[in-house]
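Quick notes on the structure that follows.
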There are 2 protein chains.
Amino acid sequence: MIHNQPWRDHNHGDCVQEAISRATALCAARNVRLTALRRRVLEILWQSHVPLSAYAILAQLGDGARPAAPPTVYRALDFLLEQGLVHKVEHLNAYMGCPMPEHPHLAAIFLCEHCGCAAEIDAAGLAAEIGAAAAEQDFAIRRQTVEISGACSRCREQRAGTRA
Amino acid sequence: MIHNQPWRDHNHGDCVQEAISRATALCAARNVRLTALRRRVLEILWQSHVPLSAYAILAQLGDGARPAAPPTVYRALDFLLEQGLVHKVEHLNAYMGCPMPEHPHLAAIFLCEHCGCAAEIDAAGLAAEIGAAAAEQDFAIRRQTVEISGACSRCREQRAGTRA
DNA sequence: GCCGCCGATGTAATATTATAACATATCGTT
DNA sequence: AACGATATGTTATAATATTACATCGGCGGC
Ligand SMILES: [Zn+2]
Ligand SMILES: [Zn+2]
Ligand SMILES: [Zn+2]
Ligand SMILES: [Zn+2]
């Protein structure tokens, strides 16, 4: 089940609003603090579906004069990662908002190398397969990453058009 | 199908010998040059089933006096990655030898966070699932990563024994 | 044999990503 | 107000990776 297809037209304002309201509700329910800084980082990540590096976030955090310092953003990211509100994209050393943070889940992330956007799908089937493989060798899973890099349909259509 | 279970006792000399001879044959067949430096890096990676960072490899490459410079090892790694002779472990920013480099494949990598060793399994089933998901959204796959971090059976047995 | 080409390696500098250590501020409670 | 706990600010540094350019070495053409 695809949760968002950033390369298809969609009302991104809805993405942002839903992400922030879910995050707010979730933190309230868990009794953890979604402080102004943490919320700001989450909003910056949700500006688009292109994952951002920690330093790209930092640049936006600066109040104009001087940019913020690295620990500021890494600490916010640590919190958001712990709460499942963002995922780290290992292929890019970048971070993206999670559209379904309520429950821990295996996120399979599709990454377009041309437009840069990232889409997360709920990989329940994959998770089952991985779980079976782990059980077979008596391995206790703590964290899993599935990332697929390539070209999204939109970019491939464009390239085909250009070439013709 | 599990290709190696580094946490079970095994004759590691066989791993090394087979890896090197496969690499040699493969490069000969492809008419690419497995130079002394590249072979050396591959041997260093096969010293154990614990993935090594680029700088850990560098430290071993130095001829005692001064260590080698980063581009030396990154270029060798680029070659080995291109030829499928090694995989990058994104969770660790580290590199490991591939036990089955003949054909491109989706490697699912199990990583023990306690002993550090890594096992690659041929994830044909996973690959099929990912391929189906990609087809559904018309996404062209170029590269995929599957990593599972946790605790291997051996380490869990040890911990259980210690606790008792 | 010599020249010139090309791929591989050496070297220096720098960019990017991430963490450690310690000081200060803010929140919620008593 | 006083306090402890959590969050943030600040400085420095570690770890990972790349760029740019110089040099070396084999190999084919002459
Ligand atoms: Zn959107
Ligand atoms: Zn795209
Ligand atoms: Zn072995
Ligand atoms: Zn282990």
Side-chain angles (χ1 to χ4, degrees), chain A residues 23 27-28 30-45 50-83 85-96 116 143 145 147 149, chain B residues 23 27-28 30-45 50-83 85-96 116 143 145 147 149:
Chain A
C27 289
R30 290 177 183 165
N31 205 28
V32 295
R33 292 161 57 186
L34 185 62
T35 63
L37 176 63
R38 292 164 175 173
R39 179 189 302 260
R40 182 114 177 275
V41 168
L42 192 59
E43 286 168 351
I44 288 171
L45 283 175
V50 177
L52 294 178
S53 75
Y55 280 72
I57 299 168
L58 264 186
Q60 293 197 48
L61 273 184
D63 56 345
R66 86 201 74 192
T72 301
V73 74
Y74 280 107
R75 281 189 290 230
L77 287 171
D78 283 347
F79 171 85
L80 295 170
L81 287 165
E82 265 171 28
Q83 298 301 321
L85 295 167
V86 312
H87 294 296
K88 176 168 185 183
V89 182
E90 301 283 356
H91 279 186
L92 305 174
N93 290 323
Y95 305 84
M96 64 184 285
R143 171 190 172 208
T145 294
E147 293 179 14
S149 290
Chain B
C27 289
R30 291 176 182 166
N31 206 29
V32 294
R33 292 162 55 185
L34 184 62
T35 63
L37 177 62
R38 292 164 174 171
R39 179 189 303 260
R40 182 112 178 275
V41 168
L42 191 59
E43 287 168 352
I44 289 171
L45 283 175
V50 177
L52 293 178
S53 75
Y55 280 73
I57 298 168
L58 264 186
Q60 293 198 47
L61 273 183
D63 56 346
R66 84 201 75 193
T72 300
V73 75
Y74 280 108
R75 281 190 291 229
L77 287 172
D78 283 346
F79 171 86
L80 296 170
L81 287 166
E82 266 171 26
Q83 298 302 322
L85 295 167
V86 313
H87 295 295
K88 176 168 185 183
V89 181
E90 301 284 356
H91 280 186
L92 304 173
N93 290 323
Y95 305 84
M96 64 184 286
R143 172 188 171 211
T145 294
E147 293 179 12
S149 289

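Chain A is the first sequence line, chain B the second, and so forth, proteins listed ahead of strands; every chain is numbered from 1. Predicted model only: the values in this text are computed from it and were never measured.
- By the side chain to side chain donor-acceptor pair (under 3.5 Å) test, B:Ser149 pairs with B:His91, sequence neighbours left out.
- The distance from the CG atom of B:Leu52 to the OH atom of B:Tyr95 is 11.5 Å, given to the nearest 0.5 Å.
- Here D:dT8 presents its P atom at 10 Å from CG of A:Leu80, a figure rounded to the nearest Å.
- For the helix from C:dG1-D:dC30 to C:dT30-D:dA1, the rotation axes defined at the first and last 5 base pairs enclose an angle of 20°, given to the nearest 10°.
- The distance from atom CZ of A:Arg39 to atom P of D:dA7 is 15 Å, rounded to the nearest whole Å.
- The phosphate of D:dA7 (OP1 or OP2) has no side-chain N or O of A:Thr35 nearer than 4.0 angstrom.
- Atom P of nucleotide D:dT6 and atom CG of A:Leu34 are separated by 18 Å, given to the nearest angstrom.
- Applying the side chain to side chain donor-acceptor pair (under 3.5 Å) test to residues at least two apart or on different chains, the pairs with a partner in residues 52-62 of chain B are B:Gln47-B:Gln60.
- Per the geometry, CZ belonging to B:Phe79 stands 11 Å off C1' belonging to C:dA8, to the nearest Å.
- One atom, CD of B:Glu82, and another, C1' of C:dG7, lie 13 Å apart when rounded to the nearest Å.
- Put simply, OG1 on A:Thr145 and NE2 on A:His87 are 10.0 Å apart, with the number rounded to the nearest 0.5 Å.
- Remark: B:Gln83 pairs with B:Arg30 by the side chain to side chain donor-acceptor pair (under 3.5 Å) rule, at least two apart or across chains.
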Could you list the donor-acceptor pairs under 3.5 angstrom formed by side chains in residues 32-39 of chain A, with sequence neighbours left out?
{"from": "A:Thr35", "atom 1": "OG1", "to": "A:Arg38", "atom 2": "N", "distance (Å)": "3.4"}
{"from": "A:Arg38", "atom 1": "NH1", "to": "A:Arg33", "atom 2": "O", "distance (Å)": "2.6"}
{"from": "A:Arg39", "atom 1": "NH1", "to": "A:Thr24", "atom 2": "OG1", "distance (Å)": "3.4"}

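- Distance, B:Leu52 CG to D:dA15 P: 15 Å, rounded to whole Å.
- Residues passing the salt bridge (Lys or Arg N to Asp or Glu O under 4.0 Å) test with B:Arg143, sequence neighbours excluded: B:Glu90.
- Residue B:Arg75 has no polar side-chain atom (N or O) positioned under 4.0 Å from OP1 or OP2 of C:dG7.
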Name the pairs: protein N/O against N/O of nucleotides 26-29 of chain C, kept only if under 3.5 Å.
none

Under the side-chain contact (heavy atoms from CB on, under 4.5 Å) criterion, do A:Met96 and A:Val86 qualify, and how do the steps go? CA-CA 5 Å; A:Met96 64 184 285; A:Val86 312; over 6 Å; no
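- Atom-to-atom distance recorded for A:Leu77:CG and A:Ile57:CD1 is 4.5 Å, nearest 0.5 angstrom.
- Rounding to the nearest 0.5 angstrom, the gap separating the CZ atom in B:Phe79 from the CG atom in B:Leu42 is 9.5 Å.
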Nucleotides 14-20 of chain C: which of its N/O atoms have a protein N/O under 3.5 Å away?
{"from": "C:dA18", "atom 1": "OP1", "to": "A:Lys88", "atom 2": "NZ", "distance (Å)": "2.5"}
{"from": "C:dA18", "atom 1": "OP2", "to": "A:Tyr74", "atom 2": "OH", "distance (Å)": "3.0"}
{"from": "C:dA18", "atom 1": "OP2", "to": "A:Tyr95", "atom 2": "OH", "distance (Å)": "3.2"}
{"from": "C:dA18", "atom 1": "O5'", "to": "A:Tyr74", "atom 2": "OH", "distance (Å)": "3.4"}
{"from": "C:dA18", "atom 1": "N7", "to": "A:Tyr55", "atom 2": "OH", "distance (Å)": "2.7"}
{"from": "C:dA18", "atom 1": "N6", "to": "A:Tyr55", "atom 2": "OH", "distance (Å)": "3.2"}

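- Residues forming a side-chain contact (heavy atoms from CB on, under 4.5 Å) with A:Ala94 (at least two apart in sequence, or on another chain): A:Pro51, A:Leu92.
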